[in-house]
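Residue numbers start from 1 in every chain, and the chains themselves are labelled A, B, ... in the order their sequence lines are given, proteins ahead of strands.
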Amino acid sequence: MSDTHSELSVSVWRGAREGHYQTYTVPQRESQTVLDVVTFVQRHLDPTLSYRFACRVGVCGSCAMTVNGRPRWTCRTHVSKVAGDGRLEVGPLENLPVIKDLTTDMEAFFEKWQQAKGTFVPTRTRHDAIAQIRPDSPKRSAADAGIECINCGVCYAGCDTVRWNSDYFGPAALTRAWTLVNDERDGGNAARLQAISAWGGCHACHSHQTCQELCPQALNPTASIAGLKRRTAAAYLKGEITA
Amino acid sequence: MNVRLYIWQRATAAVMAPLVLVHIAVIFYATHQGMTAEDILSRTHGSIAWAAYYGLFVAAAAIHASIGLRNILAEWLPLMERRAGRYAVGFGIFLFALGLRAVAAVVLS
């Protein structure tokens with residue numbers, strides 16, 4: 001039995017920085033995701049279409065695209081939720097250079113993750129005992145609040161401050177920094193607080209809360225960034241970091 | 001914005017918050033009492049307290065606004081951060097001078 005009910009009119013970005021939306025007609029099905037639609041276009045209508053995906057179940061975060069003007073995971077976005085009028089517009093993530101069609105260059109996104117010192121700095125060796133961290137301690141709770149970020153880039157693509165200030169690290173990198181700032185096993189906080197206190201760091205955030213609104217993991221990067229603002233201000237007043 | 005400017009902007013906002021409330025209360029008081037400009041100036045003339053109050057207000061406003069303007073210039077215009085900072089300092093000095101002139105007019109006239 002066919003589960004095709006009607007047809008979808010799907011506009012898909014073709015090109016790189018310069019390009020255009022090309023419209024395809026795709027059969028609409030039950031429980032169809034936007035990723036299913038993009039895959040249908042590539043498999044049946046235009047094999048030259050470039051896009052990125054891996055897990056298809058909301059774990060890897062690689063299939064994020066702009067769907068009807070809003071950045072989303074396409075694998076977890078049902079067509080029925082976003083295309084009530086049978087129309088769908090799928091473009092690449094904003095605030096990132098487009099390589100081709102729906103594929104963006106994530107290099108700047110991950111470079112900023114590095115600039116925000118998002119790498120764990122161990123304080124023990126394999127010969128030391130495992131650190132005993134109480135899961136209900138305030139610091140661990142704060143770290144846990146941001147640990148589920150999978151770097152899909154949705155918050156970065158939707159952030160107005162990134163759009164205005166290309167040096168701004170963005171919500172994902174700063175959420176990672178906040179997680180490590182609260183990780184009692186980490187020893188890199190002096191350099192980390194210094195890095196995120198400079199131009200482009202946490203103080204560039206306008207607290208628009210778009211990241212919180214868009215995060216598919218329901219994280220709150222705005223709250224993490226607010227925590228970093230407080231922590232860096234205290235560190236500056238104590239003379240632990242310089243401006 | 002860096003952490004130093006962030007602290008200055010938040011600190012000046014904290015200074016201005018009670019000053020704004022008193023300022024609004026004074027406006028309500030003066031209008032409800034039906035005071036003329038002459039009445040007000042007769043009370044403020046030679047007052048060190050009003051000079052200090054509005055002098056602090058002007059200084060906080062000039063610093064706070066110029067840091068905000070610096071951000072706007074750097075984000076909305078193709079200006080480098082340092083150049084935006086120079087324009088903002090110029091604006092802050094201009095605002096401070098205008099404010100002091102107003103304070104002088106109220107206290108010294």
Side-chain angles (χ1 to χ4, degrees), chain A residues 94-95 112 115-117 156 158-171 173-174 177-178 181 189-208 210-211 222-243, chain B residues 1-24 52-53 55-97 99:
Chain A
E94 293 188 22
N95 295 337
K112 289 175 178 178
Q115 288 170 18
K117 307 289 181 193
Y156 189 87
C159 177
D160 289 330
T161 311
V162 173
R163 197 182 327 279
W164 299 329
N165 178 359
S166 59
D167 294 328
Y168 177 47
F169 294 166
L174 292 170
W178 176 242
V181 160
N189 268 343
R192 188 171 298 117
L193 292 175
Q194 184 69 59
I196 59 175
S197 298
W199 171 256
C202 62
H203 303 99
C205 172
H206 288 264
S207 304
H208 288 171
T210 317
C211 48
T222 313
S224 301
I225 296 167
L228 288 176
K229 288 176 179 175
R230 290 192 297 272
R231 191 66 65 84
T232 50
Y236 178 74
L237 293 173
K238 289 177 189 170
E240 295 169 2
I241 58 173
T242 57
Chain B
M1 195 188 307
N2 60 33
V3 63
R4 181 168 52 86
L5 293 175
Y6 171 81
I7 289 172
W8 271 103
Q9 199 177 36
R10 293 311 187 269
T12 49
V15 167
M16 280 193 293
L19 298 183
V20 167
L21 293 177
V22 172
H23 179 63
I24 291 171
Y53 177 84
L56 179 64
F57 205 152
V58 163
I63 294 168
H64 188 86
S66 57
I67 293 172
L69 182 70
R70 179 184 187 276
N71 267 357
I72 293 168
L73 290 175
E75 287 182 356
W76 287 66
L77 298 178
L79 286 178
M80 295 300 289
E81 185 199 4
R82 187 167 291 181
R83 180 179 277 190
R86 282 201 292 269
Y87 286 133
V89 167
F91 175 75
I93 292 170
F94 175 66
L95 205 58
F96 187 60

Counting heavy atoms not belonging to A/Arg163, are there more than 12 under 6.0 Å from its CZ?
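Counting other residues, nucleotides and ligands, CZ of A/Arg163 exceeds 12 neighbours.
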With a cut-off of 6.0 Å (strictly less than), are more than 12 heavy atoms of other residues, nucleotides or ligands near NZ of A/Lys117?
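Not buried by this count: 12 neighbours or fewer within 6.0 Å.
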For A/Ala233, is it the side chain, the backbone, both or neither that has a heavy atom under 4.5 Å from a heavy atom of chain B?
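Its backbone and side chain both get close to chain B.
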Is it the side chain or the backbone of A/Thr161 that comes within 4.5 Å of chain B heavy atoms, both, or neither?
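Contact with chain B involves the side chain of A/Thr161 alone.
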How long is the straight-line distance from OH of B/Tyr6 back to OG of A/Ser197, given to the nearest 0.5 Å?
11.0 Å
Quick one: pull up OG1 in A/Thr232 and CD1 in B/Ile7 and give me the separation to the nearest 0.5 Å.
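With rounding to 0.5 Å, OG1 (A/Thr232) is 7.5 Å from CD1 (B/Ile7).
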Residue from A/Tyr168, A/Trp164, A/Trp199 scoring the most non-hydrogen pairs under 4.5 Å with chain B is A/Trp199
Residue pair A/His206 / B/Glu75, side-chain donor-acceptor N/O under 3.5 Å:
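Per modelled atom types, A/His206 and B/Glu75 side chains form a pair under 3.5 Å.
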Applying the side chain to side chain contact (heavy atoms under 4.5 Å, CB included) test to A/His203, which of B/Arg10, B/Met1, B/Arg4 qualifies?
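Only one option passes, and that is B/Met1.
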